[in-house]
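In what follows, a structure is listed as structure tokens, so that the remarks can point back to it.
Please read all numbers here as calculations on a predicted model, not as lab measurements. We number each residue from 1, following the sequence as shown.
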Amino acid sequence: MSEVELQDLHPSRDDILSDVIRGLRAPQKWIAPMYFYDARGSALFDRICELPEYYPTRTELGILSADGAAIAASIGPRVLLIEPGSAGGDKARVLLNLLDDPAAYVPVEISREHLLDGARALNDEFPALEVLPVCADFTRPFDLPEPRQVVNRRVVFFPGSTIGNFSPARAVELLAHFANIASDDGRILIGVDLRKDPATLERAYNDDTGITAEFNLNVLHRLNAELGADFDVEAFSHRAVWNDTASRIEMHLVSKHAQTVRLGRERITLTDGEYIHTESSYKYSLEGFAALAGRAGLSVVEVWTDPQTLFSVQLLQPSGGV
């Protein structure tokens, strides 16, 4: 068994600073959700996934366990499994145990430490499998590592309902990007959270223990530590609400009073009650997501859901693929 070799394409400090300033200078202030995921943020999200209120992780794992053999058969043998936003690789672990002679596994993650921890753990668990981690922003083009084994098909594995963090227009762009990675004969296996009653959704993002609030606020701790900002984290509160018109949960950081924040050479002013939009989580009907995929040049091959139809795992292929 060899040590994993990291392909490091992590954004530079200046790129992150420029992006964050751009969001905080917008009429509706925002911070991109990928900045949640430093080492502490990734660890907090792992804790969120274990919360009783947060149904997506356990529901999706249940689908992968119950229907994993059928999913693996649909994907086929000797695939190169590429997982953007891999976190710890827990869901890939379930799938890799079922796949027929996978050629290699490529986890792609912005949090370098979390990526390496997950890649090393999988390398230990699957000593015959080549694990090729890439530290990068998966929404942008990156070069795939070349595995030693012959690859029959590329499969982009995008679980966790992360597609819901992107606006429909951006989701179409991202799906088209994944289709390009997979190539004409490839597949995309994706987790898609489904519309349901708002109370269930709001509970999932406002847990009683406050871990989701801590996760949301941690982005400010990160900006202070890595960019030299001076956010008073105690001067913000977490809010998550259902927007029925947009069919999404919105996460905000709400300013408790008027304040000015220093970020690089910029001064960012916030009024009392003004909020920074940190994340959206769009929820889809099966028909709605099929239409969205179609706009990206993809068609739905198969869909697997849990008995309560809370969540779905969907297999997509390029519309002209085989």
Side-chain angles (χ1 to χ4, degrees), residues 31-67 85-94 111 114 118 158-166 171 190-222 233-234 236-254 256 275-286 288-289 304-314:
I31 298 173
M34 71 175 178
Y35 299 126
F36 285 138
Y37 297 100
D38 62 353
R40 182 169 182 266
S42 296
L44 285 167
F45 185 71
D46 286 346
R47 291 175 63 191
I48 288 171
C49 292
E50 298 172 355
L51 293 169
E53 299 96 331
Y54 193 76
Y55 64 87
T57 300
R58 64 174 177 272
T59 306
E60 185 175 33
L61 282 168
I63 295 168
L64 291 173
S65 297
D67 298 300
S86 59
D90 291 342
K91 293 164 187 172
R93 182 175 284 105
V94 175
S111 175
H114 207 53
F158 198 51
S161 73
T162 309
I163 193 65
N165 295 153
F166 298 84
I190 187 168
V192 181
D193 201 4
L194 302 177
R195 282 188 63 105
K196 57 188 66 64
D197 68 284
T200 298
L201 290 165
E202 291 194 341
R203 279 196 303 272
Y205 294 84
N206 291 288
D207 62 280
D208 290 339
T209 53
I211 295 172
T212 307
E214 192 176 352
F215 171 73
N216 197 9
L217 289 161
N218 182 66
V219 73
L220 303 182
H221 286 295
R222 180 184 182 186
V233 180
E234 296 298 320
F236 291 85
S237 60
H238 161 77
R239 179 174 68 191
V241 293
W242 171 246
N243 180 333
D244 192 65
T245 302
S247 192
R248 70 187 187 192
I249 283 281
E250 296 177 358
M251 286 216 315
H252 305 150
L253 290 170
V254 184
K256 295 179 181 178
Y275 66 88
I276 302 170
H277 189 154
T278 53
E279 184 178 65
S280 292
S281 187
Y282 287 83
K283 312 302 177 184
Y284 291 95
S285 66
L286 293 177
F289 189 77
W304 297 271
T305 66
D306 60 286
Q308 288 76 42
T309 323
L310 296 173
F311 198 91
S312 67
V313 174
Q314 305 196 26

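Side-chain contact check for F289 versus I163: some heavy-atom pair is nearer than 4.5 Å. Proximity of F236 to V254: side-chain heavy atoms (C-beta onward) are nowhere separated by under 4.5 Å. Annotation: side chain of F215 is in contact with side chain of I48 (closest heavy-atom distance under 4.5 Å). Inter-residue side-chain proximity for L310 and L194 is flagged as unmet; no heavy-atom pair is nearer than 4.5 Å. Put simply, the side chain of L253 reaches to within 4.5 Å of the side chain of L220, judged on heavy atoms. A 4.5 Å side-chain heavy-atom check between V313 and I190 finds every atom pair outside the cut-off. Contact of the R203 side chain with the Y54 side chain is not registered, since no non-hydrogen atoms from C-beta on lie closer than 4.5 Å. Between N206 and T212, the closest side-chain pair of non-hydrogen atoms is not below 4.5 Å.
Although no hydrogens or angles enter the test, the distance criterion places no donor-acceptor pair under 3.5 Å between the side chain of K256 and the main chain of S237. Distance alone, capped at 3.5 Å, is enough to place a donor-acceptor pair between the N243 side chain and the A246 backbone. Remark: the backbone N or O of P33 is not paired with any side-chain donor or acceptor of T278 at under 3.5 angstrom. Of the possible donor and acceptor atoms, none in the side chain of R222 sits under 3.5 Å from a partner among the backbone N and O of A39. Looking only at distances, no side-chain donor or acceptor of S161 sits under 3.5 Å from a matching main-chain atom of G164.
The two residues W242 and S247 come nearest to each other via the heavy atoms CH2-C, 3.4 Å. When every heavy atom of K91 is checked against every heavy atom of G160, the shortest pair comes out as NZ-CA, 3.4 Å. Here the closest non-hydrogen pair linking E60 and G191 is OE2-CA, 3.4 Å. Closest non-hydrogen pair, R58 versus P52, comes out as NH2-O, 2.7 Å. Scanning all heavy atoms of the two residues, the minimum distance from V219 to F36 falls at CB-CD2, 4.0 Å. In terms of heavy-atom proximity, S285 sits nearest to G288 at OG-N, 2.9 Å.
The closest side-chain donor-acceptor pair between S281 and Y205 falls under 3.5 angstrom. Side chain to side chain, Y55 and D193 meet the donor-acceptor criterion of an N or O pair below 3.5 Å. Using modelled atom types, one finds a donor on one side chain and an acceptor on the other under 3.5 Å when comparing T200 with D197.
From R93, atom CZ reaches atom CG of L61 across 10.5 Å, with rounding to the nearest 0.5 Å. Separating the CZ atom in R40 from the CG atom in D38 is a distance of 8.0 Å, to the nearest 0.5 Å. To the nearest 0.5 Å, the span separating CD1 on I211 from CG on L44 amounts to 7.5 Å. Here CD of E50 is found 11.0 Å from OG1 of T209. Values are rounded to the nearest 0.5 Å.
Each salt bridge (Lys or Arg N to Asp or Glu O under 4.0 Å) pair with one or both residues in residues 236-248, not counting sequence neighbours, appears once here: R195-D244, R248-E250.
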Task: Test log, rule side chain to side chain contact (heavy atoms under 4.5 Å, CB included), inputs S312 and L286 - done: CA-CA 8 Å; S312 67; L286 293 177; 4.1 Å; yes

- [ ] Start with the C-alpha distance between L201 and K196, add both sets of side-chain angles, then the distance that settles side chain to side chain contact (heavy atoms under 4.5 Å, CB included), and finish with yes or no.
- [x] CA-CA 7 Å; L201 290 165; K196 57 188 66 64; 3.8 Å; yes

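Residues passing the ring pair (Phe, Tyr, Trp, His ring centres under 6.0 Å) test with H252, sequence neighbours excluded: Y275, H277.
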